[in-house]
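This report refers to the structure that appears directly beneath it.
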Amino acid sequence: MNIKVCGITSPDQVERIAEAGADLPMPGFTHLQTAQPVTWGHHMMAYVEMFARDLSRVRDARKRMNECPLGSAALAGTGFAIDRHMTAEALGFDRPMGNSLDAVSARDFALEFLSVASISAMHLSRFAEELVIWSSAQFRFVALSDRFSTGSSIMPQKKNPDAAELIRAKIGRIFGANVALMTVMKGLPLAYSKDMQEDKEQVFDAADNLMLALAAMEGMVKDMSANRESLAAAAGSGFSTATDLADWLVRQADIPFREAHHITGAAVKLADEQGVALDGLSIGDLKAIDERIDERVFDALSVDASVAARASYGGTAPVRVREQVAAAKKRLGLED
């Protein structure tokens, strides 16, 4: 079974994106500011999780919505001796709809599709936005080939991530279709009203744009390459291992976290003044801040140590990322 999940259509594709980057450090962000180091594989697996949920929503919606309205007639059912179960089965439905009034007046099948499409589109847009940021000269986290980026008409140095930007724009049409049909349906009494003929344009337009966005994202995922040097360099910027220092003070020096937070803040300030990372401070510098700090602290202040320490289930430690890749391949039917 070959499931398309955001461009991941085979085991080797999953491995290329996530497993190969399981031990590649990069900065993790909150508020778009450096927070803690994570790995490239961990970040990619976050999107695998998102799109896997989208896939589950599609499957769940189909189970619920695969009902046949045929035989409900105008609104009250029919007096002819028909077998609605037989016709539903013949047409590939799981069952006939249970109420004739509901059958002619419900558009839940369309609304569920538009809702699922909107959530999936939102995930696509978030990924696209990150690709826009990451491919910029300020970040240089990823590179996209000329197939998915274009130059400027007057600025020859530019390489614009047009495909990602167009995905962001297309998402608005999908959201709009969802809101439009919800608005059509919200004030209608049972049973049928001519307003309902507006459902088709919304569904078809949303479907076309979602398929286009998925195809574009699939192409970019296959095309993009991670800049290992830029990612690794950025992973240690912004004093990203400050939390590790605080955690070390709690675990090894038995200092309450409130106090450890204060000590770490002083260390960050000193490192900033000296223009070095936290592990660039001398043990003398650190002891001047608090005598309880000893040489063992340097084992916790590197980016690699920080990443490896996050070994809880679902964490960014390389061993956990590889486990999650394997689990995702099994769950999505992508095993070799």
Side-chain angles (χ1 to χ4, degrees), residues 3-7 50-80 82-129 163-218:
I3 303 295
K4 177 183 287 189
V5 184
C6 188
M50 291 182 203
F51 289 105
R53 290 195 296 272
D54 293 332
L55 179 60
S56 72
R57 291 186 188 98
V58 171
R59 290 170 170 170
D60 183 59
R62 191 184 190 282
K63 288 178 182 178
R64 183 167 45 256
M65 292 289 100
N66 196 32
E67 297 182 329
C68 182
L70 186 66
S72 299
L75 76 162
T78 179
F80 292 96
I82 63 173
D83 185 344
R84 292 191 63 213
H85 291 276
M86 183 274 289
T87 54
E89 182 179 357
L91 292 171
F93 290 93
D94 293 333
R95 58 198 166 271
M97 294 186 74
N99 182 281
S100 60
L101 273 172
D102 179 51
V104 300
S105 61
R107 290 299 180 270
D108 287 16
F109 63 91
L111 291 168
E112 283 223 30
F113 165 73
L114 291 174
S115 177
V116 169
S118 294
I119 296 173
S120 182
M122 177 267 293
H123 291 152
L124 285 169
S125 187
R126 295 185 74 179
F127 200 176
E129 172 66 8
E165 293 173 349
L166 288 170
I167 287 175
R168 287 187 314 193
K170 290 290 186 183
I171 297 328
R173 292 178 63 167
I174 299 170
F175 287 0
N178 189 20
V179 173
L181 187 54
M182 292 281 283
T183 303
V184 167
M185 298 300 298
K186 72 175 182 61
L188 299 184
L190 299 181
Y192 181 77
S193 298
K194 198 68 171 176
D195 312 50
M196 294 180 194
Q197 73 177 13
E198 291 297 310
D199 61 352
K200 300 167 189 63
E201 184 177 6
Q202 311 303 333
V203 168
F204 297 156
D205 188 68
D208 288 345
N209 281 285
L210 181 62
M211 293 303 103
L212 182 61
L214 282 168
M217 184 59 78
E218 177 178 4

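All heavy atoms count here, side chains included; hydrogens, waters and symmetry mates do not.
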Taking the side chain from [X] and the backbone from [Y], do they hold a donor-acceptor pair closer than 3.5 Å?
X: S125; Y: A121; value: no
X: S115; Y: E112; value: no
X: S72; Y: G77; value: no
X: S120; Y: A117; value: no
X: T183; Y: V179; value: yes
X: T78; Y: F80; value: yes

Quiz item: Charged N to carboxylate O under 4.0 angstrom, R57 versus D60?
Solution: no
Self-check item: Salt-bridge criterion met for R173 and D205 (N-O under 4.0 Å)
Solution: yes
Practice problem: Apply the test side chain to side chain contact (heavy atoms under 4.5 Å, CB included) to residues E198 and L181: give CA-CA distance (whole Å), side-chain angles for both, the deciding distance (0.1 Å), then the verdict. | Solution: CA-CA 7 Å; E198 291 297 310; L181 187 54; 5.6 Å; no
Nearest 0.5 Å, please: how far is [atom2] in [Y] from [atom1] in [X]?
X: Q197; Y: Y192; atom1: CD; atom2: OH; result: 6.0 Å
X: L55; Y: M50; atom1: CG; atom2: CE; result: 15.5 Å
X: S193; Y: M185; atom1: OG; atom2: CE; result: 8.0 Å

Output a table of donor-acceptor pairs, distance under 3.5 Å, between side-chain atoms of residues 104-111 and any protein atom two or more places apart or on a different chain; print 'none' if there are none.
residue: S105; atom: OG; partner: L101; partner atom: O; Å: 2.7
residue: R107; atom: NE; partner: D199; partner atom: OD2; Å: 2.9

Quiz item: Can you check side chain to side chain contact (heavy atoms under 4.5 Å, CB included) on L210 and L124, steps first, answer last?
Solution: CA-CA 9 Å; L210 181 62; L124 285 169; 3.9 Å; yes
Exercise. Would you please classify the geometry between the F51 ring and the H123 ring as parallel, tilted or perpendicular, with 30° and 60° separating the classes?
Key: perpendicular
Quiz item: Taking only residues two or more places apart in sequence or in another chain, which ones pass salt bridge (charged side-chain N to carboxylate O under 4.0 Å, His left out) with D208?
Solution: none
Verify the neighbour count for atom [atom1] of [X]: are there more than 12 heavy atoms of other residues, nucleotides or ligands below 6.0 Å?
X: R168; atom1: CZ; answer: yes
X: R62; atom1: CZ; answer: no
X: M182; atom1: CE; answer: no
X: E129; atom1: CD; answer: yes

Quiz item: So which heavy atom on H85 is nearest to which on P96, and how close?
Solution: ND1-CD, 3.5 Å
